[in-house]
Amino acid sequence: MCIAQPALSCQIQSLEKELGVRPLERSTRRVELTSAGKVYCDRCIRRVSPIPATTPSR
């Protein structure tokens, strides 16, 4: 991922505020989804999956 660590941390904090829960359990060595994060991830995948993939026209 091409994003600086401070910018990523800021985005994660913004998501936490928006959701009102912590979607990720973070430590200095690991990042894991919490149970709330798993629910959120599953819902995101369901929303995106009906979107058909497009190919660039020539």
Side-chain angles (χ1 to χ4, degrees):
M1 197 186 264
C2 297
I3 186 169
Q5 191 275 329
L8 180 59
S9 291
C10 187
Q11 288 295 316
I12 292 170
Q13 288 174 351
S14 177
L15 179 62
E16 290 172 345
K17 283 183 182 180
E18 185 176 331
L19 295 176
V21 295
R22 293 189 63 149
L24 300 171
E25 186 62 45
R26 297 177 282 162
S27 72
T28 56
R29 300 222 180 239
R30 299 180 68 141
V31 177
E32 295 180 332
L33 287 171
T34 62
S35 58
K38 289 176 186 174
V39 170
Y40 180 71
C41 184
D42 289 342
R43 289 180 181 175
C44 290
I45 290 169
R46 281 193 301 238
R47 289 233 169 148
V48 172
S49 62
I51 300 171
T54 59
T55 56
S57 58
R58 293 183 183 199

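The basis for the numbers below is simple: all heavy atoms, side chains too, and nothing from hydrogens, waters or symmetry mates.
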Legend entry - Single-linkage hydrophobic cluster, 4.5 Å side-chain cutoff, Leu8 and Leu19 together: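 Different clusters: Leu8 never reaches Leu19 through Ile, Leu, Val, Met, Phe, Trp or Tyr contacts under 4.5 Å.
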Legend entry - Cluster overlap Leu33 with Val31, hydrophobic side-chain contacts below 4.5 Å: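 Both belong to a single hydrophobic cluster.
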Legend entry - Pair Gln5, Ser9: side-chain N/O donor-acceptor within cut-off below 3.5 Å: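 Note: Gln5 and Ser9 side chains meet the donor-acceptor criterion.
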Inset, instruction - Just jot down the salt bridge (charged side-chain N to carboxylate O under 4.0 Å, His left out) partners of Arg47, sequence neighbours excluded, or say none. - result: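 Expected list: none.
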Legend entry - Where at least one partner belongs to residues 31-44, residue pairs that pass side-chain hydrogen bond (donor to acceptor under 3.5 Å, both in side chains), sequence neighbours excluded: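 Those involving residues 31-44 are Arg30-Glu32.
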Inset, instruction - Look up atom CG in Leu15 and atom CZ in Arg22, then write down how far apart they are to the nearest 0.5 Å. - result: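 Going from CG on Leu15 over to CZ on Arg22, the span is 11.5 Å.
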Legend entry - From Arg26 atom CZ to Ile12 atom CD1, the distance as rounded to the nearest 0.5 Å: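 With rounding to 0.5 Å, CZ (Arg26) is 5.0 Å from CD1 (Ile12).
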